[in-house]
Amino acid sequence: MFDNLDALLLARMQFAFTVSFHFIFPSFSIGLASYLAVLEGLWLKTGKQIYLDLFKYWLKIFAIAFAMGVVSGIVMSYQFGTNWSVFSDKAGPVIGPLMAYEVLTAFFLEAGFLGVMLFGMNKVGPKLHFAATCMVALGTFVSAFWILSVNSWMQTPTGFEMGANGQFLPGPSWSAIIFNPSFPYRLVHTVIAAYLTTAFVVGGVGAWHLLRDAANSHARKMFSMAMWMAALVAPIQILAGDMHGLNTLEHQPAKVMAMEGHFQSHPDGAPLILFGIPNSAAQRVDYAIEIPKASSLILKHDWDAPLSGLDTVPVKDRPPVGIIFWSFRIMVGIGFAMFGLGLWSLVARWRGRLFDWAWLHRAALALSPAGFVAVIAGWITTEVGRQPYVIYGFLRTADAASPLDAPAVGASLLAFVVVYFAVFSVGTWYILKLMNGAPHMGEKGVRRTETGPVRTAGITPGPHQKTGQANVEGGNE
(Lines give C-alpha, C1' and ligand atoms only; values in the text may rest on other atoms or scores of the structure.)
Protein backbone atom coordinates (compact mmCIF):
# COMPACT_ATOMS: atom_id res chain seq x y z
CA MET A 1 0.00 0.00 0.00
CA PHE A 2 2.83 2.41 0.89
CA ASP A 3 5.60 0.89 -1.22
CA ASN A 4 5.57 3.68 -3.79
CA LEU A 5 5.59 6.50 -1.23
CA ASP A 6 8.60 8.19 0.32
CA ALA A 7 9.40 7.23 3.93
CA LEU A 8 10.51 10.78 4.73
CA LEU A 9 7.25 12.22 3.42
CA LEU A 10 5.22 9.74 5.46
CA ALA A 11 7.25 10.52 8.60
CA ARG A 12 6.61 14.22 8.11
CA MET A 13 2.91 13.57 7.50
CA GLN A 14 2.70 11.50 10.67
CA PHE A 15 4.34 14.14 12.82
CA ALA A 16 2.24 16.90 11.24
CA PHE A 17 -0.95 14.95 11.89
CA THR A 18 -0.17 14.09 15.52
CA VAL A 19 1.19 17.51 16.49
CA SER A 20 -1.74 19.31 14.83
CA PHE A 21 -4.16 17.09 16.71
CA HIS A 22 -2.23 17.62 19.95
CA PHE A 23 -1.90 21.38 19.58
CA ILE A 24 -5.69 21.77 19.64
CA PHE A 25 -5.91 20.76 23.30
CA PRO A 26 -3.04 22.78 24.89
CA SER A 27 -4.16 25.87 22.97
CA PHE A 28 -7.47 25.49 24.81
CA SER A 29 -6.32 24.24 28.21
CA ILE A 30 -3.66 26.96 28.65
CA GLY A 31 -6.25 29.69 28.37
CA LEU A 32 -8.99 27.76 30.16
CA ALA A 33 -6.78 27.10 33.20
CA SER A 34 -6.20 30.83 33.58
CA TYR A 35 -9.90 31.54 33.05
CA LEU A 36 -10.75 29.08 35.84
CA ALA A 37 -8.29 30.83 38.14
CA VAL A 38 -9.94 34.18 37.35
CA LEU A 39 -13.41 32.77 38.01
CA GLU A 40 -12.46 31.24 41.33
CA GLY A 41 -10.57 34.38 42.36
CA LEU A 42 -13.62 36.52 41.59
CA TRP A 43 -15.80 34.16 43.61
CA LEU A 44 -13.48 34.42 46.60
CA LYS A 45 -13.28 38.20 46.30
CA THR A 46 -16.94 38.99 45.68
CA GLY A 47 -18.78 35.99 47.07
CA LYS A 48 -21.04 35.95 44.02
CA GLN A 49 -22.37 32.47 43.35
CA ILE A 50 -22.37 32.99 39.61
CA TYR A 51 -18.58 32.80 39.47
CA LEU A 52 -18.50 29.52 41.38
CA ASP A 53 -21.18 28.09 39.08
CA LEU A 54 -19.19 29.05 35.98
CA PHE A 55 -16.01 27.67 37.54
CA LYS A 56 -17.62 24.27 38.05
CA TYR A 57 -19.21 24.36 34.60
CA TRP A 58 -15.87 24.90 32.84
CA LEU A 59 -13.87 22.70 35.22
CA LYS A 60 -15.53 19.58 33.79
CA ILE A 61 -14.64 20.67 30.27
CA PHE A 62 -11.07 21.51 31.28
CA ALA A 63 -10.53 18.07 32.81
CA ILE A 64 -11.42 16.31 29.56
CA ALA A 65 -9.44 18.69 27.33
CA PHE A 66 -6.40 18.44 29.61
CA ALA A 67 -6.51 14.65 29.61
CA MET A 68 -6.72 14.48 25.82
CA GLY A 69 -3.82 16.91 25.55
CA VAL A 70 -1.63 14.77 27.79
CA VAL A 71 -2.43 11.54 25.93
CA SER A 72 -1.89 13.03 22.48
CA GLY A 73 1.37 14.62 23.64
CA ILE A 74 2.80 11.32 24.85
CA VAL A 75 2.07 9.68 21.51
CA MET A 76 3.63 12.58 19.64
CA SER A 77 6.91 12.44 21.56
CA TYR A 78 7.21 8.72 20.88
CA GLN A 79 8.01 9.52 17.25
CA PHE A 80 11.32 11.15 18.13
CA GLY A 81 12.73 7.71 18.81
CA THR A 82 11.05 5.92 15.91
CA ASN A 83 10.87 8.23 12.91
CA TRP A 84 13.45 10.88 13.87
CA SER A 85 16.24 8.99 15.63
CA VAL A 86 19.02 10.86 13.80
CA PHE A 87 17.58 14.17 14.98
CA SER A 88 17.30 12.81 18.53
CA ASP A 89 20.93 11.68 18.44
CA LYS A 90 22.34 14.91 17.05
CA ALA A 91 20.16 17.43 18.93
CA GLY A 92 19.64 15.38 22.09
CA PRO A 93 22.34 17.13 24.18
CA VAL A 94 20.44 20.43 23.72
CA ILE A 95 16.83 19.32 23.31
CA GLY A 96 16.89 16.61 25.99
CA PRO A 97 17.64 18.83 28.99
CA LEU A 98 15.05 21.41 27.92
CA MET A 99 12.39 18.71 27.65
CA ALA A 100 13.49 17.37 31.04
CA TYR A 101 13.06 20.83 32.55
CA GLU A 102 9.51 20.88 31.20
CA VAL A 103 8.76 17.59 32.94
CA LEU A 104 10.46 18.55 36.21
CA THR A 105 8.74 21.91 36.45
CA ALA A 106 5.50 22.13 34.49
CA PHE A 107 4.38 18.51 34.47
CA PHE A 108 5.12 17.96 38.16
CA LEU A 109 3.38 21.23 38.99
CA GLU A 110 0.30 20.29 36.99
CA ALA A 111 0.21 16.71 38.21
CA GLY A 112 0.74 17.72 41.82
CA PHE A 113 -2.13 20.20 41.97
CA LEU A 114 -4.54 18.92 39.31
CA GLY A 115 -6.12 16.38 41.64
CA VAL A 116 -6.69 19.05 44.29
CA MET A 117 -8.17 21.36 41.66
CA LEU A 118 -10.55 18.71 40.31
CA PHE A 119 -11.59 16.91 43.49
CA GLY A 120 -10.38 18.87 46.50
CA MET A 121 -12.77 21.80 46.93
CA ASN A 122 -14.72 19.89 49.60
CA LYS A 123 -11.55 18.87 51.43
CA VAL A 124 -8.91 21.61 51.49
CA GLY A 125 -10.94 24.82 51.79
CA PRO A 126 -11.57 27.52 49.19
CA LYS A 127 -8.33 29.48 49.59
CA LEU A 128 -6.05 26.46 49.34
CA HIS A 129 -8.13 25.18 46.46
CA PHE A 130 -7.70 28.52 44.70
CA ALA A 131 -3.93 28.21 45.21
CA ALA A 132 -4.05 24.79 43.53
CA THR A 133 -6.00 26.24 40.60
CA CYS A 134 -3.39 28.98 40.21
CA MET A 135 -0.60 26.39 40.29
CA VAL A 136 -2.26 24.41 37.51
CA ALA A 137 -2.63 27.59 35.46
CA LEU A 138 1.01 28.43 36.13
CA GLY A 139 2.00 24.89 35.16
CA THR A 140 0.32 25.19 31.77
CA PHE A 141 2.24 28.42 31.14
CA VAL A 142 5.56 26.93 32.26
CA SER A 143 4.94 23.96 29.96
CA ALA A 144 4.39 26.35 27.06
CA PHE A 145 7.57 28.19 28.08
CA TRP A 146 9.82 25.14 27.73
CA ILE A 147 8.17 23.65 24.65
CA LEU A 148 8.32 26.97 22.83
CA SER A 149 11.93 27.43 23.90
CA VAL A 150 12.76 24.10 22.27
CA ASN A 151 10.84 24.93 19.10
CA SER A 152 12.30 28.43 18.93
CA TRP A 153 15.82 27.08 19.29
CA MET A 154 15.19 24.83 16.30
CA GLN A 155 14.05 27.95 14.40
CA THR A 156 16.86 30.25 15.55
CA PRO A 157 19.61 28.04 17.02
CA THR A 158 22.15 29.82 19.24
CA GLY A 159 24.38 29.03 22.19
CA PHE A 160 25.62 25.64 20.94
CA GLU A 161 28.86 24.10 19.78
CA MET A 162 29.29 21.40 17.15
CA GLY A 163 30.83 18.17 18.39
CA ALA A 164 33.22 16.02 16.42
CA ASN A 165 30.47 13.54 15.55
CA GLY A 166 28.07 16.22 14.35
CA GLN A 167 26.18 16.57 17.61
CA PHE A 168 24.83 19.89 18.85
CA LEU A 169 26.45 20.44 22.24
CA PRO A 170 25.46 23.11 24.80
CA GLY A 171 27.77 26.11 24.95
CA PRO A 172 28.97 27.79 28.12
CA SER A 173 25.63 29.56 28.73
CA TRP A 174 22.25 27.82 28.74
CA SER A 175 20.50 31.19 28.71
CA ALA A 176 21.65 31.71 25.10
CA ILE A 177 19.91 28.45 24.19
CA ILE A 178 16.74 29.01 26.21
CA PHE A 179 16.31 32.68 25.35
CA ASN A 180 17.22 32.36 21.69
CA PRO A 181 16.39 35.27 19.36
CA SER A 182 12.87 34.21 18.36
CA PHE A 183 11.73 32.78 21.71
CA PRO A 184 10.31 35.89 23.43
CA TYR A 185 8.23 36.79 20.37
CA ARG A 186 7.02 33.24 19.84
CA LEU A 187 6.10 32.80 23.52
CA VAL A 188 4.05 36.00 23.68
CA HIS A 189 2.33 35.34 20.34
CA THR A 190 1.45 31.72 21.17
CA VAL A 191 0.23 32.29 24.73
CA ILE A 192 -1.97 35.21 23.66
CA ALA A 193 -3.31 32.98 20.88
CA ALA A 194 -4.22 30.38 23.51
CA TYR A 195 -6.04 32.99 25.60
CA LEU A 196 -7.96 34.24 22.56
CA THR A 197 -8.81 30.68 21.54
CA THR A 198 -10.33 30.08 24.97
CA ALA A 199 -12.09 33.44 24.99
CA PHE A 200 -13.83 32.72 21.70
CA VAL A 201 -14.89 29.24 22.84
CA VAL A 202 -16.32 30.72 26.04
CA GLY A 203 -17.93 33.53 24.04
CA GLY A 204 -19.37 31.08 21.55
CA VAL A 205 -20.89 28.94 24.30
CA GLY A 206 -22.29 32.04 25.97
CA ALA A 207 -23.73 33.22 22.64
CA TRP A 208 -25.32 29.81 22.04
CA HIS A 209 -27.16 29.94 25.33
CA LEU A 210 -28.11 33.60 24.90
CA LEU A 211 -29.72 32.74 21.58
CA ARG A 212 -31.80 30.15 23.45
CA ASP A 213 -32.46 32.25 26.56
CA ALA A 214 -31.35 35.89 26.57
CA ALA A 215 -32.16 36.15 30.30
CA ASN A 216 -29.67 33.44 31.37
CA SER A 217 -27.45 35.33 33.81
CA HIS A 218 -24.63 32.78 33.59
CA ALA A 219 -24.54 32.99 29.79
CA ARG A 220 -24.54 36.78 30.06
CA LYS A 221 -21.61 36.77 32.43
CA MET A 222 -19.35 34.49 30.39
CA PHE A 223 -20.27 36.19 27.11
CA SER A 224 -19.44 39.57 28.62
CA MET A 225 -16.09 38.36 29.95
CA ALA A 226 -15.20 36.76 26.62
CA MET A 227 -16.06 39.88 24.65
CA TRP A 228 -13.93 42.03 26.94
CA MET A 229 -11.07 39.64 26.19
CA ALA A 230 -11.68 39.87 22.46
CA ALA A 231 -11.90 43.66 22.48
CA LEU A 232 -8.80 44.22 24.61
CA VAL A 233 -6.47 41.36 23.66
CA ALA A 234 -7.05 40.90 19.91
CA PRO A 235 -5.38 44.29 19.12
CA ILE A 236 -2.44 43.31 21.34
CA GLN A 237 -2.15 40.03 19.43
CA ILE A 238 -2.03 41.89 16.11
CA LEU A 239 0.82 44.05 17.47
CA ALA A 240 2.62 40.98 18.86
CA GLY A 241 2.25 39.24 15.51
CA ASP A 242 3.74 42.22 13.72
CA MET A 243 6.76 42.23 16.03
CA HIS A 244 7.14 38.47 15.60
CA GLY A 245 7.06 38.95 11.83
CA LEU A 246 9.84 41.54 11.98
CA ASN A 247 11.93 39.16 14.08
CA THR A 248 11.30 36.40 11.54
CA LEU A 249 12.38 38.70 8.71
CA GLU A 250 15.67 39.24 10.52
CA HIS A 251 16.45 35.61 11.27
CA GLN A 252 14.46 33.58 8.69
CA PRO A 253 13.99 35.87 5.67
CA ALA A 254 13.10 33.02 3.30
CA LYS A 255 10.07 32.20 5.44
CA VAL A 256 8.80 35.78 5.20
CA MET A 257 9.40 35.80 1.45
CA ALA A 258 7.20 32.73 1.13
CA MET A 259 4.55 34.20 3.45
CA GLU A 260 4.42 37.37 1.37
CA GLY A 261 4.60 35.54 -1.97
CA HIS A 262 7.70 37.49 -3.01
CA PHE A 263 9.32 35.31 -5.64
CA GLN A 264 11.18 38.31 -7.04
CA SER A 265 13.14 41.04 -5.27
CA HIS A 266 11.73 44.55 -5.14
CA PRO A 267 14.47 47.20 -5.00
CA ASP A 268 12.10 50.18 -4.73
CA GLY A 269 9.29 48.92 -2.48
CA ALA A 270 7.47 45.57 -2.38
CA PRO A 271 3.70 45.19 -2.81
CA LEU A 272 1.46 43.58 -0.23
CA ILE A 273 -0.16 40.63 -2.00
CA LEU A 274 -3.56 40.13 -0.41
CA PHE A 275 -4.66 37.13 -2.47
CA GLY A 276 -3.48 35.14 -5.44
CA ILE A 277 -2.33 31.71 -6.55
CA PRO A 278 1.39 31.07 -5.96
CA ASN A 279 3.02 29.57 -9.07
CA SER A 280 6.39 28.18 -8.01
CA ALA A 281 7.17 26.85 -11.47
CA ALA A 282 6.80 30.30 -13.03
CA GLN A 283 8.13 32.08 -9.94
CA ARG A 284 5.16 34.41 -9.60
CA VAL A 285 1.75 34.81 -7.94
CA ASP A 286 -1.01 34.45 -10.51
CA TYR A 287 -4.15 36.62 -10.31
CA ALA A 288 -2.55 38.69 -7.55
CA ILE A 289 -4.59 41.31 -5.73
CA GLU A 290 -2.02 43.62 -4.19
CA ILE A 291 -1.41 47.00 -2.59
CA PRO A 292 1.68 48.68 -4.08
CA LYS A 293 4.62 49.08 -1.69
CA ALA A 294 2.52 48.19 1.36
CA SER A 295 4.68 45.17 2.25
CA SER A 296 7.76 47.40 2.53
CA LEU A 297 5.77 49.75 4.74
CA ILE A 298 4.74 46.89 7.07
CA LEU A 299 8.08 45.09 7.19
CA LYS A 300 10.48 48.04 6.94
CA HIS A 301 8.21 50.96 7.89
CA ASP A 302 9.24 52.66 4.65
CA TRP A 303 7.23 52.71 1.41
CA ASP A 304 10.36 52.58 -0.76
CA ALA A 305 12.46 50.14 1.31
CA PRO A 306 13.91 47.33 -0.83
CA LEU A 307 12.86 43.76 -0.03
CA SER A 308 14.66 40.67 -1.26
CA GLY A 309 12.73 37.82 -2.86
CA LEU A 310 13.16 34.09 -3.20
CA ASP A 311 15.28 34.72 -6.29
CA THR A 312 18.11 35.46 -3.81
CA VAL A 313 17.72 32.05 -2.12
CA PRO A 314 19.10 28.84 -3.66
CA VAL A 315 16.30 26.60 -4.89
CA LYS A 316 17.35 23.79 -2.55
CA ASP A 317 16.95 26.11 0.46
CA ARG A 318 13.51 27.50 -0.37
CA PRO A 319 10.43 26.52 1.65
CA PRO A 320 7.25 25.42 -0.16
CA VAL A 321 5.50 28.69 -0.96
CA GLY A 322 1.91 27.61 -1.61
CA ILE A 323 1.23 26.12 1.82
CA ILE A 324 2.85 28.99 3.73
CA PHE A 325 1.22 31.67 1.60
CA TRP A 326 -2.30 30.44 2.39
CA SER A 327 -1.79 29.31 6.00
CA PHE A 328 -0.41 32.75 6.82
CA ARG A 329 -3.45 34.47 5.29
CA ILE A 330 -5.84 32.20 7.14
CA MET A 331 -4.15 33.06 10.44
CA VAL A 332 -4.09 36.81 9.75
CA GLY A 333 -7.64 36.83 8.40
CA ILE A 334 -8.97 35.12 11.53
CA GLY A 335 -7.01 37.53 13.71
CA PHE A 336 -8.68 40.53 12.09
CA ALA A 337 -12.08 38.81 12.29
CA MET A 338 -11.55 38.42 16.05
CA PHE A 339 -10.56 42.07 16.27
CA GLY A 340 -13.70 43.03 14.35
CA LEU A 341 -15.95 41.01 16.67
CA GLY A 342 -14.31 42.68 19.65
CA LEU A 343 -15.08 46.12 18.21
CA TRP A 344 -18.64 45.05 17.46
CA SER A 345 -19.09 43.94 21.05
CA LEU A 346 -17.91 47.33 22.29
CA VAL A 347 -20.52 49.04 20.13
CA ALA A 348 -23.18 46.66 21.42
CA ARG A 349 -22.08 47.22 25.01
CA TRP A 350 -22.15 51.02 24.53
CA ARG A 351 -25.67 50.82 23.09
CA GLY A 352 -26.86 48.48 25.84
CA ARG A 353 -27.47 45.65 23.35
CA LEU A 354 -24.73 43.19 24.33
CA PHE A 355 -27.18 40.51 25.47
CA ASP A 356 -30.01 40.92 22.99
CA TRP A 357 -28.21 41.62 19.70
CA ALA A 358 -28.83 38.28 18.02
CA TRP A 359 -26.56 38.87 15.04
CA LEU A 360 -23.64 39.57 17.37
CA HIS A 361 -24.36 36.28 19.14
CA ARG A 362 -24.54 34.43 15.83
CA ALA A 363 -21.20 35.91 14.76
CA ALA A 364 -19.61 34.92 18.08
CA LEU A 365 -20.99 31.41 17.69
CA ALA A 366 -19.62 31.17 14.15
CA LEU A 367 -16.18 32.32 15.33
CA SER A 368 -16.06 30.03 18.38
CA PRO A 369 -13.76 27.47 16.67
CA ALA A 370 -11.76 30.17 14.86
CA GLY A 371 -8.98 30.21 17.44
CA PHE A 372 -8.18 26.55 16.82
CA VAL A 373 -8.00 27.14 13.07
CA ALA A 374 -5.76 30.14 13.61
CA VAL A 375 -3.26 28.35 15.88
CA ILE A 376 -3.02 25.40 13.49
CA ALA A 377 -2.54 27.77 10.54
CA GLY A 378 0.11 29.62 12.52
CA TRP A 379 1.89 26.38 13.39
CA ILE A 380 1.88 25.34 9.73
CA THR A 381 3.32 28.71 8.74
CA THR A 382 6.08 28.38 11.32
CA GLU A 383 7.03 24.76 10.72
CA VAL A 384 6.65 24.52 6.95
CA GLY A 385 8.41 27.87 6.65
CA ARG A 386 11.46 26.36 8.36
CA GLN A 387 11.86 23.77 5.63
CA PRO A 388 14.03 22.24 4.29
CA TYR A 389 15.63 22.35 7.74
CA VAL A 390 14.66 20.77 11.02
CA ILE A 391 17.32 22.87 12.80
CA TYR A 392 17.34 26.00 10.71
CA GLY A 393 20.50 26.44 8.68
CA PHE A 394 22.29 23.42 10.19
CA LEU A 395 20.38 20.12 9.96
CA ARG A 396 18.15 19.30 7.02
CA THR A 397 14.92 17.42 7.55
CA ALA A 398 16.01 14.77 5.06
CA ASP A 399 19.13 14.11 7.16
CA ALA A 400 17.25 13.87 10.46
CA ALA A 401 14.91 10.95 9.73
CA SER A 402 15.33 7.34 10.84
CA PRO A 403 16.41 4.79 8.20
CA LEU A 404 12.95 3.21 7.93
CA ASP A 405 11.06 1.71 5.04
CA ALA A 406 7.91 3.43 3.82
CA PRO A 407 5.53 0.55 4.72
CA ALA A 408 6.62 0.68 8.38
CA VAL A 409 6.03 4.43 8.66
CA GLY A 410 2.82 4.24 6.64
CA ALA A 411 1.36 1.52 8.82
CA SER A 412 1.94 3.51 12.01
CA LEU A 413 0.51 6.63 10.34
CA LEU A 414 -2.64 4.74 9.38
CA ALA A 415 -2.95 3.36 12.91
CA PHE A 416 -2.62 6.86 14.38
CA VAL A 417 -5.30 8.24 12.09
CA VAL A 418 -7.77 5.49 12.97
CA VAL A 419 -7.14 5.58 16.72
CA TYR A 420 -7.06 9.37 16.97
CA PHE A 421 -10.34 9.85 15.18
CA ALA A 422 -11.99 7.04 17.12
CA VAL A 423 -10.82 8.10 20.58
CA PHE A 424 -10.61 11.87 20.36
CA SER A 425 -13.83 12.23 18.42
CA VAL A 426 -15.64 10.70 21.40
CA GLY A 427 -13.89 13.09 23.78
CA THR A 428 -14.68 16.09 21.59
CA TRP A 429 -18.30 14.98 21.27
CA TYR A 430 -18.60 14.79 25.06
CA ILE A 431 -17.08 18.27 25.48
CA LEU A 432 -19.63 19.64 23.01
CA LYS A 433 -22.38 17.84 24.89
CA LEU A 434 -21.29 19.51 28.13
CA MET A 435 -21.18 22.89 26.39
CA ASN A 436 -24.68 22.33 25.05
CA GLY A 437 -26.02 22.17 28.60
CA ALA A 438 -26.69 25.63 29.99
CA PRO A 439 -24.83 26.67 33.17
CA HIS A 440 -27.27 27.08 36.02
CA MET A 441 -27.56 28.09 39.63
CA GLY A 442 -26.08 25.55 42.02
CA GLU A 443 -23.86 23.93 39.39
CA LYS A 444 -22.57 20.58 40.61
CA GLY A 445 -23.67 20.31 44.22
CA VAL A 446 -24.66 23.83 45.25
CA ARG A 447 -28.39 24.26 45.73
CA ARG A 448 -30.43 27.36 46.42
CA THR A 449 -32.64 28.03 49.42
CA GLU A 450 -34.76 31.03 50.28
CA THR A 451 -31.73 32.71 51.81
CA GLY A 452 -29.36 31.96 48.98
CA PRO A 453 -26.61 29.40 48.24
CA VAL A 454 -25.85 27.07 51.11
CA ARG A 455 -23.31 24.40 51.78
CA THR A 456 -24.20 21.05 50.22
CA ALA A 457 -22.05 17.99 49.75
CA GLY A 458 -19.30 19.66 51.75
CA ILE A 459 -19.00 22.74 49.52
CA THR A 460 -18.51 25.90 51.50
CA PRO A 461 -19.67 29.30 50.24
CA GLY A 462 -16.98 31.89 49.55
CA PRO A 463 -15.61 33.95 52.42
CA HIS A 464 -17.60 37.02 51.31
CA GLN A 465 -20.69 35.07 50.26
CA LYS A 466 -23.88 37.09 50.36
CA THR A 467 -27.49 36.04 50.11
CA GLY A 468 -30.38 37.19 47.99
CA GLN A 469 -31.18 37.59 44.35
CA ALA A 470 -28.30 39.99 43.56
CA ASN A 471 -25.87 37.21 44.41
CA VAL A 472 -27.61 34.83 42.04
CA GLU A 473 -27.65 37.26 39.12
CA GLY A 474 -24.07 38.23 39.67
CA GLY A 475 -24.63 41.97 39.53
CA ASN A 476 -23.79 44.06 36.47
CA GLU A 477 -22.04 42.38 33.58
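On a predicted model such as this, the values are computed, not experimentally measured, just so you know.
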Say you draw a straight line from CH2 of W84 to CZ of R12; how long is it, rounded to the nearest 0.5 Å? 7.0 Å

Before giving the answer on side-chain contact (heavy atoms from CB on, under 4.5 Å), spell out for T133 and H129 the whole-Å C-alpha distance, their side-chain angles and the decisive distance to 0.1 Å. CA-CA 6 Å; T133 303; H129 185 270; 3.7 Å; yes

Point-to-point distance, once rounded to the nearest 0.5 Å, from OH of Y51 to OG1 of T46: 5.5 Å

What are the two closest non-hydrogen atoms of L354 and S345, and how far apart are they? CD1-O, 3.9 Å

Kindly indicate, with the supporting measurements, whether the criterion side chain to side chain donor-acceptor pair (under 3.5 Å) is fulfilled by N216 and H209. CA-CA 7 Å; N216 186 313; H209 293 298; 5.6 Å; no

N180 side chain vs I177 backbone, donor-acceptor pair below 3.5 Å: yes

So S295 and E260, side chain to side chain donor-acceptor pair (under 3.5 Å) or not? Walk me through it. CA-CA 8 Å; S295 186; E260 296 291 322; 3.2 Å; yes

Pair Q387, T397 - check side chain to side chain donor-acceptor pair (under 3.5 Å), show working. CA-CA 7 Å; Q387 299 304 314; T397 305; 2.7 Å; yes

Using a 4.5 Å cut-off on heavy atoms from C-beta on, say whether the side chain of M229 contacts that of Y35. no

Taking C-beta and beyond as the side chain, do R220 and L210 meet within less than 4.5 Å on heavy atoms? yes

With a 3.5 Å distance limit and no angle check, can you tell me whether W43 reaches the backbone of I50 through a side-chain donor-acceptor pair? no

Closest non-hydrogen atom pair, M227 against G203: CE-CA, 4.4 Å

Within this structure, what is the CD1-OG1 distance for the pair I376 and T381, rounded to the nearest 0.5 Å? 11.0 Å

Are side-chain heavy atoms of P157 and F394 found at a separation under 4.5 Å? yes

Kindly give the heavy-atom pair with the smallest separation between L8 and A401, and that separation in Å. CD1-CB, 3.8 Å

Here the gap from R329 atom CZ to I334 atom CD1, rounded to the nearest 0.5 Å, amounts to 14.0 Å

Note, M225 side chain near L42 side chain (heavy atom, < 4.5 Å): yes

Would you say V347 and R351 make side-chain contact, with heavy atoms under 4.5 Å? yes

Any donor-acceptor N/O pair, S29 side chain to A65 backbone, under 3.5 Å: no

H361: which of W208, F223, W344 passes ring pair (Phe, Tyr, Trp, His ring centres under 6.0 Å): F223

Donor-acceptor contact present, side-chain S143 to main-chain G139, <3.5 Å: no

Donor-acceptor under 3.5 Å (R386 side chain, Q252 main chain): no

So F28 and F372, would you call those rings parallel, tilted or perpendicular, with 30° and 60° as cut-offs? perpendicular

Between F15 and F80, is the ring centroid distance below 6.0 Å? yes

From CA spacing to verdict: side-chain contact (heavy atoms from CB on, under 4.5 Å), L98, W174: CA-CA 10 Å; L98 297 183; W174 272 98; 4.0 Å; yes

If you round to the nearest 0.5 Å, how far is CG of L196 from CG of L367? 11.5 Å

Given side-chain contact (heavy atoms from CB on, under 4.5 Å), test V205 with I61 step by step and report yes or no. CA-CA 12 Å; V205 174; I61 296 170; over 6 Å; no

Side chain proximity check, I178 to W146, heavy atoms < 4.5 angstrom: yes

Do F328 and K255 pass the side-chain contact (heavy atoms from CB on, under 4.5 Å) test, and can you show the C-alpha distance, the side-chain angles, and the key distance before you say yes or no? CA-CA 11 Å; F328 176 68; K255 181 188 293 187; over 6 Å; no

Using atom types as modelled and distance alone, determine if a side-chain donor or acceptor of S149 lies under 3.5 Å from a backbone N or O of F145. no

Hey, is the main chain of A254 close enough, under 3.5 Å, to the side chain of R318 for a donor-acceptor pair? no

Test item: N151 and T382 side chains (from C-beta on) under 4.5 Å apart, heavy atoms: yes

Give a yes or no on whether Y185 atom OH has more than 12 heavy-atom contacts from other residues, nucleotides or ligands under 6.0 Å away. no

Residue pair A240 / H189: nearest heavy atoms and the distance that separates them: C-ND1, 4.2 Å

Is the ring centre of F421 less than 6.0 Å from the ring centre of F21? yes

With a cut-off of 6.0 Å (strictly less than), are more than 12 heavy atoms of other residues, nucleotides or ligands near CD1 of I238? yes

F25 and F424 aromatic ring geometry - parallel, tilted or perpendicular at 30°/60° bounds: tilted

Between T140 and A137 (side chain of the first, backbone of the second, donor and acceptor by atom type, cut-off under 3.5 Å), is there such a pair? yes

Do N247 and R186 touch side chain to side chain, with heavy atoms closer than 4.5 Å? no

For the residue pair V285 and G261, what are the closest heavy atoms and their distance? CG2-O, 3.4 Å

Closest non-hydrogen atom pair, P320 against V384: CG-CG1, 3.4 Å

Would you say the side-chain atoms of S327 pair up with the backbone N or O of I324, donor to acceptor, closer than 3.5 Å? yes

Rounding to 0.5 Å, atoms CZ (F62) and CE (M117) come to a distance of 4.5 Å

M435 backbone acceptor or donor facing Y57 side chain under 3.5 Å: yes

